[in-house]
Amino acid sequence: MAKNRNDDFVTEITPKSEDFSRWYTDVVRKAELADYSPVKGCMVIRPYGYALWENARDLLDARIKATGHMNAYFPLFIPESLLKKEAEHVEGFAPEVAWVTHGGSNELEERLAVRPTSEAIICSMYSKWVQSWRDLPLLINQWGNVVRWEKVTRFFLRTTEFLWQEGHTAHATAEEAQEETLKMLGVYKDFLEEDLGIPVITGIKTEKEKFAGADRTYAVEALMSDGRALQAGTSHNLGQNFAKAFDIQFEDKNQEIQYAWSTSWGMTTRTIGALVMTHGDDNGLRLPPRVAPYHVVIVPIKAGNYEEEVLPAARELEELLRTAGLRVYLDDREEYTPGWKYNEWEMRGVPLRAEIGPRDVKNKQTVLVRRDTRDKTFVPIDHVPGAAATLLDDIQTSMLSTARDFMETNTHPVKDFDKFREIMSGPRGFLKANWCGDRDLEVEIQQETSATIRCLLPDEEPTGPCFYSGKPAKHVAIFAKAY
RNA sequence: CGGGGUGUAGCGCAGCCUGGCAGCGCACCUGCUUUGGGAGCAGGGGGUCGGAGGUUCAAAUCCUCUCACCCCGACCA
């Protein structure tokens with residue numbers, strides 16, 4: 001009977017297997033992460049979704065600061081002349097830039113771009129701030145919003161305006177810039193895996209896929225549960241391209257004038273989408289404890305001496321958990337039954353639920369239920385903070401390992417194109433193959449299978465010929481259909 | 001930007017073909033009984049049918065234009 005009722009509930013969210021896109025949209029809306037807005041292509045991030053973003057943001061911010069960076073804030077608007085200084089850069093972004101042409105009713109002498117990214121305005125400032133080798137490295141990060149006029153949008157994954165952080169650094173040597181680029185790639189990997197429970201592959205982008213204006217682009221690529229890849233963060237070594245375009249010069253220790261070497265790296269609200277698609281199931285969200293808006297939701301059972309005993313005990317439990325440093329929500333709404341609340345909070349992904357009713361009050365215990373496995377444990381009240389912390393740690397690590405198992409079983413070594421096509425038209429996933437490096441063939445494969453090279457693995461040597469051309473392979477590549 | 005689809009109550013939809021009282025489920029409000037896996041009964045409120053124009057005695061329904069959103073491509077984080 002209970003099972004049937006639960007099945008009824010599930011019909012509110014389209015099952016993942018039936019229609020993944022719809023499942024995703026249903027979860028985002030039902031869990032109140034975001035809603036459509038009156039502005040085309042722009043979404044409203046609702047409080048629950050924003051709390052999730054804030055937690056993720058704070059954890060990443062701490063990692064960025066721990067590696068020596070400071071936050072700053074640069075303007076939203078970029079004069080057209082500045083944006084045009086780096087040729088490849090402007091060409092890459094031109095199709096999706098929003099322009100401000102009027103101030104009030106007066107037409108502006110020079111159009112202002114609403115930043116699609118801030119290299120231009122930040123580098124123009126760096127040229128003022130950098131004079132000497134002593135001014136380097138310059139390690140600055142910015143949290144903000146950017147606008148890219150996208151034709152097709154989807155909650156979190158692609159919206160016209162999105163939130164992100166963008167780091168911009170300048171260095172005295174190519175080696176330092178490269179070290180920085182890889183260091184931040186590592187920061188992203190650690191953040192995604194340890195804090196969000198999203199396992200990733202790191203690698204370098206091909207010429208075709210790299211950032212407009214970069215020498216080299218590195219990326220962290222995650223595998224969503226529908227077998228499509230999602231780029232969850234990028235780190236660019238910009239070489240001296242922007243330094244030359246924006247005149248960032250300094251006098252080195254040998255009294256010679258040099259152009260600086262710069263990097264930029266970014267991570268966006270898109271990671272929230274990755275979180276949903278990596279961990280969610282047919283009952284809704286599953287949130288890793290480190291970023292969950294609530295670690296524990298307490299559901300008091302209205303029965304027996306509810307007002308006199310159960311509710312006060314629930315409040316004490318709330319206080320106990322809060323004092324232990326956990327994010328707690330006591331759901332004492334009287335208009336919903338316990339069963340309704342169980343389903344509601346499971347749908348919203350709260351990692352741990354504490355049930356407390358007359359029986360528990362009598363036995364001085366509570367029932368802790370995990371969202372990920374639905375396992376129940378009876379825990380004496382005094383032991384609850386410790387037990388909850390242990391369970392939350394376990395949920396965090398087991399979510400990562402479940403996701404990692406999925407990624408590994410869906411990473412397919414491929415030796416020939418027939419196999420490649422077969423997997424791409426079936427379960428998809430990451431396809432790992434020897435690659436000759438020919439850009440035209442990369443386009444050809446994309447046209448035929450819609451798979452692109454997500455990244456090349458710099459640490460792996462190809463052990464045979466290119467799977468597609470049969471020519472000698474230069475790289476090991478990861479192919480996938482990307483978001 | 002190309003192909004396909006959908007706009008009717010907060011959400012999900014029926015009604016449209018064949019023009020004639022704007023409906024259903026959930027949600028919401030009031031009351032009572034309930035509450036350990038989405039409670040029951042009774043009563044109630046909420047709509048310029050995406051928008052504009054046209055045909056008609058009469059338009060959610062037919063015609064024209066338009067806007068928005070969704071899905072699949074191409075492009076991107």
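Chain naming here is simple, since letters A, B, ... match the order of the sequence lines and numbering starts at 1 in each.
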Decide, yes or no, whether a salt bridge links [X] with [Y] under the criterion of side-chain N to carboxylate O below 4.0 Å.
X      : Y      : result
A:K205 : A:E221 : yes
A:E209 : A:R454 : yes
A:D195 : A:R290 : yes
A:R439 : A:E207 : no
A:R371 : A:D281 : yes
A:E346 : A:R353 : yes

Out of [options], which has the shortest distance to the side chain of [X]?
X      : options                : answer
A:N343 : B:rG37, B:rC72, B:rC71 : B:rG37
A:V369 : B:rG37, B:rA74, B:rU35 : B:rG37
A:K151 : B:rC28, B:rG36, B:rA74 : B:rA74
A:K376 : B:rG73, B:rC75, B:rG37 : B:rG37
A:T25  : B:rC71, B:rG37, B:rG36 : B:rC71

Considering just the side-chain nitrogens and oxygens of [X], establish if one lies under 4.0 Å of OP1 or OP2 belonging to [N].
X      : N      : result
A:T337 : B:rU34 : no
A:Y24  : B:rC71 : no
A:R374 : B:rG37 : no
A:Q447 : B:rG73 : no

| note | Ranking A:R29 and A:A482 by the position along RNA chain B of their nearest nucleotide, the one closer to 5' is A:R29
| Given that A:T268 and A:Y36 both sit by RNA chain B, which one's nearest nucleotide is further toward the 5' end? | A:Y36
Would the distance check show the side chain of [X] and the main-chain N or O of [Y] forming a donor-acceptor pair, the cut-off being under 3.5 Å?
X      : Y      : result
A:D26  : A:T14  : yes
A:N55  : A:V291 : yes
A:R327 : A:P289 : yes

For [X] and [N], what is the distance between atoms [atom1] and [atom2] respectively, to the nearest whole Å?
X      : N      : atom1 : atom2 : answer
A:R353 : B:rG36 : CZ    : C1'   : 10 Å
A:R158 : B:rC71 : CZ    : P     : 11 Å
A:H236 : B:rC76 : NE2   : C1'   : 12 Å
A:Y483 : B:rC71 : OH    : C1'   : 12 Å
A:D19  : B:rG4  : CG    : C1'   : 14 Å
A:D26  : B:rC70 : CG    : P     : 13 Å
A:W164 : B:rC76 : CH2   : P     : 15 Å
A:K30  : B:rA27 : NZ    : C1'   : 10 Å

Identify the nucleotide, in any strand shown, that forms a Watson-Crick or G-U wobble pair with [N], with both distances under 3.5 Å; if there is none, say none.
N      : result
B:rG2  : B:rC72
B:rG7  : B:rC67
B:rC41 : B:rG31
B:rU55 : none
B:rA22 : none
B:rC17 : none
B:rA60 : none

Could you tell me how far [M] sits from [N] if I compare only their [atom1] atoms? Round to whole Å.
N      : M      : atom1 : value
B:rC62 : B:rG15 : C1'   : 16 Å
B:rC72 : B:rG53 : C1'   : 33 Å
B:rA60 : B:rC75 : C1'   : 38 Å
B:rG23 : B:rU66 : C1'   : 28 Å
B:rU48 : B:rU8  : C1'   : 12 Å
B:rG3  : B:rU61 : P     : 26 Å
B:rU30 : B:rC13 : P     : 29 Å
B:rC24 : B:rA9  : P     : 14 Å

With heavy atoms under 4.0 Å as the rule, sort [X] into base, sugar-phosphate or nothing.
X      : answer
A:Q231 : sugar-phosphate
A:P358 : base
A:K205 : nothing
A:R154 : sugar-phosphate
A:T160 : nothing
A:L157 : base
A:E221 : nothing
A:V152 : base
A:E355 : base

| Distance flag, aromatic centroids of A:Y218 and A:W265, threshold under 6.0 Å | no
| Check: A:W143 ring centre within less than 6.0 Å of A:Y73 ring centre | no
| request: Name every residue in residues 290-306 of chain A that has at least one heavy atom under 4.0 Å from any atom of RNA chain B, in order of residue number, or write none if there are no such residues. | output: A:I301, A:K302
